[in-house]
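Quick notes on the structure that follows.
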Amino acid sequence: KKSRVSDDTLADFFRSQLTGDLQEIPGIGPAAAKCLAEGDDDDKITNSFQLIGKFLSLKGPDSGDHKVESVEHMEKFWYWLQERGIKAHRSAVVNAIAEKMNT
């Protein structure tokens, strides 16, 4: 059975203002926050604003005949989370941030 983030948790996230706490992102718990905070200075993600910034940075680069569309963008972020060692709730994190940015 796949683990999932509850609809109530997602609804609360969509309604609330961001505080900067990494764990306010549905699917990010203590273990995931620890994984994201590891690495070189430029690679460290220690707050929700940085994680959303990373998500937004993966929207490109666009070239003359290729534009990064939604599915490709979300896949790029999913694989980036995987590379950072996030083992659980990757899809929930991707979807939560994508929806939050779309509101």
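Fair warning: this is a prediction, and the values are worked out from it, not measured in the lab.
- The OG atom of S48 sits 9.0 Å away from atom NZ of K100, with the distance rounded to the nearest 0.5 Å.
- Inter-residue side-chain proximity for T46 and L36 is flagged as unmet; no heavy-atom pair is nearer than 4.5 Å.
- No donor-acceptor pair closer than 3.5 Å links the side chain of D40 to the backbone N or O of D43.
- In this structure, E24 contributes its side chain and T19 its backbone to a donor-acceptor pair below 3.5 Å.
- Between the side chain of Q50 and the backbone N or O of N47 there is at least one donor-acceptor pair closer than 3.5 Å.
- In this structure, N95 and M74 have side chains that are in contact, with non-hydrogen atoms separated by less than 4.5 Å.
- Of the inter-residue distances, the one linking E72 atom CD with L58 atom CG reads 10.0 Å to the nearest 0.5 angstrom.
- Between V5 and A92, the closest heavy-atom pair is CG2-CB, 3.4 Å.
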Exercise for the section: Any chance you could lay out the side-chain contact (heavy atoms from CB on, under 4.5 Å) test for F49 and L22, step after step, and finish with the verdict? Expected result: CA-CA 8 Å; F49 303 112; L22 249 181; over 6 Å; no

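- For the salt bridge (Lys or Arg N to Asp or Glu O under 4.0 Å) condition, the pairs that include at least one residue of residues 6-19, sequence neighbours left out, are R4-D7, D12-R15.
- Looking at heavy atoms from C-beta onward, P26 lies out of side-chain contact with I28 at the 4.5 angstrom threshold.
- For residues 77-87, every residue pair satisfying the side-chain hydrogen bond (donor to acceptor under 3.5 Å, both in side chains) rule, not counting sequence neighbours, is listed here: W78-S91.
- Contact of the F55 side chain with the H73 side chain is registered, since non-hydrogen atoms from C-beta on lie closer than 4.5 Å.
- In this structure, L18 and F13 have side chains that are in contact, with non-hydrogen atoms separated by less than 4.5 Å.
- To the nearest 0.5 Å, atom NZ of residue K54 and atom CD1 of residue I52 are 14.5 Å apart.
- In this structure, V68 and K76 have side chains that are in contact, with non-hydrogen atoms separated by less than 4.5 Å.
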